Amino acid sequence: MNNRKIIKGYKTLISSRFNEDTSIDKFKDGIIYTLYSDNLDLLKVGFAKNDKVLEKKLSIEPLILLEMKKGNKKELFLLITTLKELGIKYSDNFCFKYSSSLIRHLSTLGWPVGRSLYKQRKIKKELVCA
């Protein structure tokens, strides 16, 4: 008879590098947004609990609101993680150096970027019948 041993193994999960809040707070809806600094040529992405918090941020900093939409804090952390994996560097307060590839990535990932800095290419194909 064959003498076989069964080896049981356990997989370990790699923890996230973000010190993200593990409370239910990250699932509450709020506003995800993109801001632009014309002077510094920077994009800033973020999350605000409501309109008043976002308005206060805009009154303090000289930034232009490109677009905003309903979302939650988890979406922000997923975006930052994905951009980091794509090799896009950012500062501590989620500021990025503006580039057309960054805008394209943000748009592809469904992040609100507005239409003022990014115009999607429309690919038109014509069928030629011979």
Side-chain angles (χ1 to χ4, degrees):
M1 288 208 122
N2 273 341
N3 221 359
R4 293 185 179 179
K5 293 182 181 180
I6 298 175
I7 300 171
K8 292 184 180 180
Y10 298 98
K11 296 191 179 210
T12 58
L13 294 174
I14 300 171
S15 64
S16 174
R17 294 183 183 165
F18 286 110
N19 294 330
E20 108 179 67
D21 189 11
T22 56
S23 68
I24 195 83
D25 216 22
K26 68 182 173 186
F27 297 108
K28 286 187 179 177
D29 282 336
I31 300 169
I32 54 175
Y33 59 84
T34 305
L35 304 174
Y36 176 69
S37 170
D38 196 22
N39 297 338
L40 303 173
D41 202 26
L42 292 176
L43 285 176
K44 184 175 185 176
V45 296
F47 172 82
K49 291 182 181 180
N50 55 41
D51 290 339
K52 291 179 183 178
V53 174
L54 183 56
E55 285 176 21
K56 185 176 179 181
K57 183 179 286 293
L58 287 170
S59 67
I60 294 171
E61 300 178 43
L63 299 169
I64 301 165
L65 177 65
L66 294 180
E67 192 177 358
M68 62 182 187
K69 72 176 187 178
K70 187 177 177 182
N72 57 42
K73 197 180 276 190
K74 186 174 182 182
E75 291 179 67
L76 174 63
F77 288 110
L78 288 172
L79 175 80
I80 297 300
T81 303
T82 305
L83 291 176
K84 188 173 182 179
E85 288 178 6
L86 291 171
I88 298 174
K89 297 180 182 180
Y90 62 94
S91 65
D92 292 338
N93 54 357
F94 304 130
C95 285
F96 298 88
K97 184 72 177 160
Y98 172 81
S99 71
S100 58
S101 66
L102 171 62
I103 293 286
R104 194 175 338 107
H105 286 310
L106 290 172
S107 179
T108 302
L109 294 168
W111 195 260
V113 292
R115 298 190 187 275
S116 58
L117 294 178
Y118 178 64
K119 295 179 178 135
Q120 292 180 333
R121 287 188 304 176
K122 293 182 181 179
I123 301 173
K124 296 180 181 178
K125 292 185 178 181
E126 293 181 23
L127 296 175
V128 179
C129 297

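By convention here, the first residue in the shown sequence is residue 1. This structure is a prediction, so every number in the text was calculated from the model and none was measured.
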Worked check of side chain to side chain contact (heavy atoms under 4.5 Å, CB included) between Leu86 and His105: CA-CA 9 Å; Leu86 291 171; His105 286 310; 3.8 Å; yes
Expected output: side-chain Lys69 to main-chain Gly110 donor-acceptor under 3.5 Å: yes
NZ/Lys97: more than 12 non-hydrogen atoms of other groups inside 6.0 Å: yes
Cluster link Tyr98 to Phe94, ILVMFWY, side chain under 4.5 Å: yes
Side chains of Asn93 and Ser91, donor plus acceptor under 3.5 Å: yes
All side chain to side chain donor-acceptor pair (under 3.5 Å) counterparts of Glu67, not counting sequence neighbours: none
Exam field: side chain Ser107 to backbone Arg104, donor-acceptor pair closer than 3.5 Å: no
Straight-line distance of Asn50 CG to Glu55 CD, nearest 0.5 Å: 9.0 Å
Closest non-hydrogen atom pair, Ile80 against Val45: CD1-CG2, 4.0 Å
Cluster overlap Leu43 with Leu76, hydrophobic side-chain contacts below 4.5 Å: yes
Among Thr82, Ile103, Leu79, Leu78, side-chain contact (heavy atoms from CB on, under 4.5 Å) partner for Trp111: Leu79
Pair Ile32-Asn72, side chain to side chain contact (heavy atoms under 4.5 Å, CB included): steps then yes or no: CA-CA 7 Å; Ile32 54 175; Asn72 57 42; over 6 Å; no
The single option from Leu65, Leu35, Leu63 passing side-chain contact (heavy atoms from CB on, under 4.5 Å) against Lys57: Leu35
Atom pair CG/SG of Leu40 and Cys95 - distance to nearest 0.5 Å: 8.5 Å
For the student: nearest non-hydrogen atoms of Met68 and Tyr33, plus distance: CB-CB, 4.0 Å
Ser37 OG to Ile64 CD1 distance, which is reported to the nearest 0.5 Å: 7.5 Å
Least distance between heavy atoms, Lys28 atom then Phe47 atom: O-CZ, 3.9 Å
In one Ile/Leu/Val/Met/Phe/Trp/Tyr side-chain cluster, 4.5 Å: Leu42, Ile88: no
Where at least one partner belongs to residues 36-48, residue pairs that pass salt bridge (Lys or Arg N to Asp or Glu O under 4.0 Å), sequence neighbours excluded: Lys44-Glu61
Check: Thr34 side chain, Pro112 main-chain N or O, donor-acceptor pair, under 3.5 Å: yes
Parallel, tilted or perpendicular, as decided by the 30° and 60° cut-offs, for the rings of Phe96 and Tyr90: tilted
